[in-house]
Amino acid sequence: MENILDKLNDVQRQAVECTDGPVMVIAGAGSGKTRVLTYRIAHLLSKGVDAFNVLALTFTNKAAKEMKERVICLLGSSEAMNVWMGTFHSIFARILRIEADKLGYPSNFTIYDTDDSKSVIKTILKEQNLDDKMYPVNFVLGRISAAKSNLISVADYNNNAEIQTQDRAAGKPQIGTLYSLYNQRCRKSSAMDFDDLLYNTNVLFRDFTDVLYKYQQKFKYILVDEYQDTNYAQYLIVKKLAANNENICVVGDDAQSIYAFRGANIENILNFKKDYADAKVFKLEQNYRSTKNIVNAANSIIINNKDQIFKEIWTENEEGPKIQLFKTSTDNEEGMSVASSIFENKMNFQLNNSDFAILYRTNAQSRAMEEALRKLNVPYRIFGGLSFYKRKEVKDLIAYFRLTINHNDEEALYRIINYPARGIGKTTLEKIMVVANENDTSIWNIISNLQQFNAALSFNSGTITKISDFVTMIRSYATYLNDKNAFELANHIAASSGILRDLREDKTPEGISRQENIEELLNSIKDLVDKENDSDNEEQNISLNRFMEDIALITDSDKDDKENNDKVSLMTIHAAKGLEFPYVFVVGMEENLFPSQLSLSSRTDLEEERRLFYVAITRAMKKLTLSYSESRYRWGNLTLCEISRFVDEINEKCIDFPQKQINTSSFNYTKKFEPKEKPFVVQQEPPLSIAKKKLTKVSSISNNSNSSADDSFNAVNIGEIAIGMDVEHQRFGKGKVLQLEGNDSNTKALISFNGVGEKQLLLKFAKLKIL
DNA sequence: AGTGATCAGATTTTT
DNA sequence: TCTGATCACT
């Protein structure tokens, strides 16, 4: 362990070794934040602290998983498996399941995801006859969520004059009622939404001091990652748990707080020293990620914010190229400029696609980028699209699991009672809902006791049979919960519910892909079962129950590892947080887009946008390129755009500012960034969904990015090359031309290189020598 | 139950 | 402009 600590710089090591008492680590971008956290845990364990006494909280599953793996690697033992390491939501869901009875919940409560929550609200709005224009679902859910995040109960909400005035002023006086009904509905379904997991943990710790004491004793050492993103509910949980031992270490960067819009409270990190007077503060200011130009540019941006903890990020890395700025006249041209720049860099310097990332403020901006990349046959991957667990077919099957485990889970029931179609239609269901409301009981209670309620329902015998068949089916699944393992039962449900049959009838590519998704879900369950069986866990057969415990909390960020990963990454800046790429393009640097128009009215909102820009810049390791367009389609209207104020805030020494060099014509300077001639002919385009799949097959340039120009390899004169010729490539060596495609400047050659295999190269860029 | 028309809504979203 | 949700209609 001692030699492991040698791998840390001074401040990092101090932060790791200072294990007792409150510690705050302010970790600048790229300064080794995760390193400190993992080494700190490893250090604690190697000092003899029991893994069961350590709690490490993160915001994403990915971060938790990564941390766990790295600690195990450091220690060379699986001791770290016993550390409670996970997201706020998953850790406290786990505790809530253990303590559920104290709050009047069954321990197998369902966790409602956002879609479930929205659906509950829609149902309530309908029942209350409220105009959904006056009460947009997102708005209502937003209010409820904000209330819960700030630990405002239904009673508090309705008694708080300020809140009531706000809602009335907004013409939405019924929000408090909706909040109340929503909570009732969730409880009746034995369900908690995401916010409930934190809210109810607070209730638990507030009302059951013995429980709080138990966990205070257990978690002697607490670590919190991304502390700047905690909301009040999370803050208070941590504070209460740490109250006895005060061995709390929070790590974060106020400059990277970009989730205030969702309730994250930047004050939590700014006020840490007020909460813990004897807190030690360590500032990690050395950046190991980026060039001097990038670090300095980021510094020059963030200095414009008023609310911040002072720090000075520096780096020993090379100076690197200046930041580049592209200007184009339309958003589509912006896409072309970025795509061709990626293409050129990739070809000229033999880079991987995965060395590049395109970051944008809004998802809508991805379209132009995608189109351009597709034209150039550059494989790309969009992050943050529809997550695996949000796909309809996956949710359908999971809804069967949910209803099997928790018969009161109404959202699951609505989803599947007539899927696959079994003749229980809307009218039937509406009748049941009415009767359930009248009798103040659950849907499940009605359908499992049809005889008792049929006076009010007056269903005919056909309907009764259909419904009771459904009930029998779900009950039969439930009886298997104990004697079949998760995979066996999941498989059984997929087959016998008719879901698989229904999907198999659909022979379209989309239908096939849906089947594959179901298969993938089943496989992931099998993996889990197998893994548990391999480990020395006494619980030999993991039940479906166990599998479902945190399924709602899982996102698929660590999935599709098997696929070809050499792709350009496209994502929002929010999604890019925590990631790094050698070459980064931040697009849409325009006023009203970035910073967003909606942020312009308040200083705090504008500062959050600026932090977002800071996050964007600091993702880049080697080279950063910004771009903006003079016009852009927004909601169908062509709007004229001005360059973002943020570009002007960048220290001019760090950026190539073409305007300042060429004053004569404000148009000329864009030229050099645009494709030289109309190079890339649009080929017949397959529909997008199919095209995306094909992209994975596009061959890519292999690793190794350190290439220096070698003059003996020049771009070959395109007319000279012919099928069958022997050629030599700077990197791939000797090969034979198999195929030529396209014409003039965008002729592509398929070349079989000895020992390397077949590569498609664009002659314009490939440095080839004819032998 | 499925289809076509129509209409609203469209920052960011770790869970 | 584009997407999806909803609704009326068959």
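These numbers come from a predicted model, not from an experiment. Proteins get letters first, then strands, A, B, ... in listed order; numbering begins at 1 in each.
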A.B. asks: Take atom OH of Y419(A) and atom P of dA1(B), then tell me their distance rounded to the nearest Å.
C.D. replies: 14 Å
A.B. asks: More 5' along DNA chain C: Y633(A) or K126(A), using each one's nearest nucleotide?
C.D. replies: Y633(A)
A.B. asks: Measuring only the C1' atom in each nucleotide, how far is dT14(B) from dT3(C)? A whole number of Å is fine.
C.D. replies: 25 Å
A.B. asks: Considering only dA1(B), dT11(B), dT15(B), which nucleotide approaches the side chain of R262(A) most closely?
C.D. replies: dT15(B)
A.B. asks: Only one of I266(A), V615(A), L270(A) passes side chain to side chain contact (heavy atoms under 4.5 Å, CB included) with S257(A); say which it is.
C.D. replies: I266(A)
A.B. asks: Just the rounded figure in Å: distance from P of dA10(B) to CZ of R367(A).
C.D. replies: 19 Å
A.B. asks: Respond yes when some side-chain nitrogen or oxygen of T362(A) is under 4.0 Å from OP1 or OP2 of dA10(B), and no when none is.
C.D. replies: no
A.B. asks: Between atom CG in L600(A) and atom P in dT12(B), what is the gap in whole Å?
C.D. replies: 16 Å
A.B. asks: Are there more than 12 heavy atoms of other residues, nucleotides or ligands under 6.0 Å from atom CZ of R603(A)?
C.D. replies: yes
A.B. asks: Taking for each residue the nucleotide of DNA chain B bearing the nearest heavy atom, is the 5' side occupied by Y259(A) or by E609(A)?
C.D. replies: E609(A)
A.B. asks: Could you say whether the aromatic ring of F88(A) and the base of dT15(B) stack, counting only centre distances under 5.5 Å and plane angles under 30°?
C.D. replies: no
A.B. asks: Does a side-chain N or O of N363(A) approach OP1 or OP2 of dA10(B) to a distance below 4.0 Å, or not?
C.D. replies: no
A.B. asks: Pick the closest DNA chain C nucleotide for N637(A) and for K426(A) by heavy atoms, then say which residue is nearer the 5' end.
C.D. replies: N637(A)
A.B. asks: In whole angstrom, what separates R361(A)'s CZ from dT11(B)'s C1'?
C.D. replies: 5 Å
A.B. asks: Does a nitrogen or oxygen in the side chain of K122(A) sit under 4.0 Å from OP1 or OP2 of dA5(C)?
C.D. replies: no
A.B. asks: Could you tell me whether F261(A) atom CZ has more than 12 heavy atoms of other residues or ligands within 6.0 Å of it?
C.D. replies: yes
A.B. asks: Quick one: label T572(A) by what it contacts on the DNA or RNA (base, sugar-phosphate, nothing), any heavy atom closer than 4.0 Å.
C.D. replies: sugar-phosphate
A.B. asks: Measure the distance from CZ on R610(A) to P on dT12(B) and round it to the nearest whole Å.
C.D. replies: 21 Å
A.B. asks: Take the protein atom CG of N592(A) and the nucleotide atom P of dT12(B), then report the distance between them rounded to whole Å.
C.D. replies: 16 Å
A.B. asks: Between I258(A) (CD1) and dT15(B) (P), how many Å, whole number?
C.D. replies: 14 Å
A.B. asks: Other residues, nucleotides and ligands only: do more than 12 of their heavy atoms fall within 6.0 Å of CD on Q128(A)?
C.D. replies: yes
A.B. asks: Might you confirm whether atom OH of Y232(A) has over 12 heavy atoms from other residues, nucleotides or ligands at distances under 6.0 Å?
C.D. replies: no
A.B. asks: Side-chain N or O of N138(A) less than 4.0 angstrom from OP1 or OP2 on dT13(B)?
C.D. replies: no
A.B. asks: Which part of the nucleic acid, if any, lies within reach of D193(A) when heavy atoms closer than 4.0 Å are counted: base, sugar-phosphate only, or nothing?
C.D. replies: nothing
A.B. asks: Could you check if a side-chain atom of I398(A) sits within less than 4.5 angstrom of a side-chain atom of L521(A), using non-hydrogen atoms only?
C.D. replies: yes
A.B. asks: If you assign each of T87(A) and S599(A) to its closest nucleotide in DNA chain B, which residue comes earlier from the 5' end?
C.D. replies: S599(A)
A.B. asks: How far does the P atom of dA5(C) sit from the matching atom of dT12(B), given to the nearest Å?
C.D. replies: 16 Å
A.B. asks: What integer distance in Å separates R632(A):CZ from dC2(C):C1'?
C.D. replies: 16 Å
